[in-house]
Amino acid sequence: KICIRNNYIVGDAKLWVDYLDLLEYYWKDLKNVKYVCPADLRKVHDKLMSRKQKEIMKKTFEENKKQIGKNQKHYLKAKKHFFGLIFSEKNISISVIESVKEFLVEGCYHNHCVFTNEYYKKQNSLILSAKVDGIPTETIQLSLENFEILQSRGRGNKASKHNKQILSVMNKNLHHIQNRMKAA
C-alpha cells in the first residue's frame, strides 16, 4: 500500500523483497516510505547487505564455525538427495551448492545476499552455482514446488552476459532435479 500511495514502481521484485528482509533484520520501519520506496533500490540493498556481511565476518572464527556447522547439519538433511547433481553444456557447468560454507563463498564472490539472507534455510528452494570456463558466474534459485527458476544472479545481483545460456542449460535439466525429488 505504501508503494501504491507513493506511486513507487518496483522494477526488480526479487531484489526489493531481499531488501525488505534486510530492513526487517535491522528493525527498520517497514511502514516508512523512506525505507520501503528507495530512489536507488540496488544501492540501498547493496549497502545493507554489505553491512550485514561485515557484521557476519566480524563474528569470531569459532562462532562462525559453530554456526556454519549447525546450519550445515540442517542443510544436509534437507538437500542431500540433490548433492552431486551437475549439468554441463559446452563451457557452462551448473552444480548444486552442497555446503553452507559454499553459500558464504558464493555470496562474497558475487557480492549478493545468498548467504546473508540464509538461502540455505529456504525449504522450497534449491540453490545452484553456474560456472563458465570454471569461473563462478551466477547463483541460481530454483523453486522445488513448481520447478521455476526464481532468480539467476551474478556479481552485484545482476544477470551475467551468459544468463540466457545458463537458464537454457537449467531448463534442459530440470527433469534430473524432479527425478531426485521423486526418489527421495
Side-chain angles (χ1 to χ4, degrees), residues 1-76 78-79 95-131 135-143 149-163 166:
K1 290 181 180 181
I2 294 167
C3 292
I4 293 168
R5 275 185 288 207
N6 291 281
N7 295 320
Y8 185 77
I9 309 264
V10 177
D12 186 338
K14 298 284 183 197
L15 186 68
W16 186 71
V17 169
D18 281 344
Y19 169 66
L20 292 180
D21 288 343
L22 288 164
L23 288 176
E24 187 174 42
Y25 176 82
Y26 284 109
W27 296 86
K28 299 294 183 186
D29 183 3
L30 294 176
K31 295 179 182 174
N32 186 328
V33 68
K34 172 185 166 188
Y35 295 118
V36 178
C37 304
D40 188 341
L41 174 62
R42 185 167 305 281
K43 182 178 177 182
V44 293
H45 169 274
D46 290 352
K47 183 178 177 182
L48 277 181
M49 184 198 52
S50 178
R51 178 178 162 193
K52 188 173 177 183
Q53 280 179 334
K54 286 177 186 171
E55 288 175 9
I56 289 170
M57 295 303 199
K58 282 183 182 177
K59 290 181 181 177
T60 65
F61 176 74
E62 284 304 313
E63 286 175 350
N64 279 334
K65 187 177 174 182
K66 195 182 295 181
Q67 187 63 33
I68 286 174
K70 180 182 169 189
N71 288 327
Q72 179 62 30
K73 288 178 187 175
H74 296 292
Y75 183 68
L76 176 65
K79 307 293 187 203
S95 60
V96 174
I97 295 180
E98 297 186 4
S99 73
V100 175
K101 188 175 179 182
E102 287 179 40
F103 277 87
L104 174 62
V105 171
E106 192 89 2
C108 290
Y109 184 85
H110 292 299
N111 192 32
H112 60 42
C113 58
V114 73
F115 178 77
T116 54
N117 282 4
E118 302 175 327
Y119 275 71
Y120 49 85
K121 289 184 177 178
K122 296 189 184 284
Q123 292 298 314
N124 293 318
S125 287
L126 184 64
I127 309 299
L128 302 99
S129 178
K131 294 178 175 63
I135 298 168
T137 307
E138 291 192 7
T139 308
I140 304 158
Q141 180 186 13
L142 177 75
S143 167
I149 297 169
L150 301 174
Q151 52 186 334
S152 187
R153 310 281 178 142
R155 285 194 180 252
N157 255 344
K158 297 178 183 171
S160 72
K161 65 181 181 181
H162 303 285
N163 181 264
I166 289 168

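Residue indices begin at 1 and follow the sequence shown.
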Roughly how far apart are Ile166 CD1 and Ser129 OG, rounded to 0.5 Å? 9.0 Å
Tell me whether Trp16 contacts the main-chain N or O of Cys37 through its side chain, where contact means a donor paired with an acceptor under 3.5 Å. no
Can you see which heavy atom on Ile140 is nearest to which on Ala130, and at what distance? CD1-CB, 4.0 Å
To the closest 0.5 Å, what do you measure between NE2 (His110) and CG (Asn157)? 10.5 Å
Can you tell me how far OG of Ser143 sits from CD1 of Ile149, rounded to the nearest 0.5 angstrom? 11.0 Å
Counting heavy atoms not belonging to Lys131, are there more than 12 under 6.0 Å from its NZ? yes
Approximate separation, where rounding is to 0.5 Å, of Ile9 CD1 and Ile4 CD1: 10.0 Å
Ring-plane angle category for Tyr120 and Tyr75, please: parallel below 30°, perpendicular beyond 60°, tilted otherwise. perpendicular
Spacing of CG belonging to Leu22 relative to NE2 belonging to His45, to within rounding of 0.5 Å: 5.5 Å
For a 4.5 angstrom cut-off between non-hydrogen side-chain atoms, does Met49 reach Asn111? yes
If only atom types and distance count, is the side chain of Arg155 paired as donor or acceptor with the main-chain N or O of Tyr109 below 3.5 Å? yes
Which heavy atom in Leu128 sits nearest to a heavy atom in Leu142, and how many Å separate them? CD1-CB, 4.3 Å
Lys52 atom NZ: more than 12 heavy-atom contacts under 6.0 Å: yes
What closest approach, in Å, do Ser152 and Asn163 show between heavy atoms, and which atom pair accounts for it? O-ND2, 3.5 Å
Locate the shortest heavy-atom distance separating Cys3 from Val10; write the atom from each residue and the value. SG-CG2, 4.3 Å
Between the main-chain N or O of Gln141 and the side-chain N or O of Gln151, is there a donor-acceptor pair closer than 3.5 Å? no
Trace of the side chain to side chain contact (heavy atoms under 4.5 Å, CB included) decision for Ile97 with Glu106: CA-CA 9 Å; Ile97 295 180; Glu106 192 89 2; 4.1 Å; yes
Using modelled atom types and a 3.5 Å cut-off, is there a donor and acceptor pairing between side-chain atoms of Arg42 and backbone atoms of Leu15? no
Ignoring hydrogens and angles, tell me if any N or O in the side chain of Glu138 forms a donor-acceptor pair with the backbone of Ser160 under 3.5 Å. yes
Does some side-chain heavy atom of Val96 sit less than 4.5 Å from a side-chain heavy atom of Lys79? no
Could you pull out the closest heavy-atom pair between Ala78 and Gln123, with the gap in Å? CB-OE1, 4.1 Å
Report the residues that fulfil salt bridge (Lys or Arg N to Asp or Glu O under 4.0 Å) with Lys28, sequence neighbours left out, ordered by chain and then residue number. none
Are Ile2 and Tyr35 packed together at the side-chain level, in the sense that at least one heavy-atom pair is separated by less than 4.5 angstrom? no
Can a donor-acceptor pair be found, under 3.5 Å and without considering hydrogens, that links the side chain of Asn117 to the backbone of Tyr119? no
Just by modelled atom types, is the Pro38 backbone N or O under 3.5 Å from a matching donor or acceptor in the Tyr8 side chain? yes
Salt bridge present between Arg153 and Asp12 (N-O < 4.0 angstrom): yes
How long is the span from the OH atom in Tyr25 to the CZ atom in Arg51, to the nearest 0.5 Å? 9.0 Å
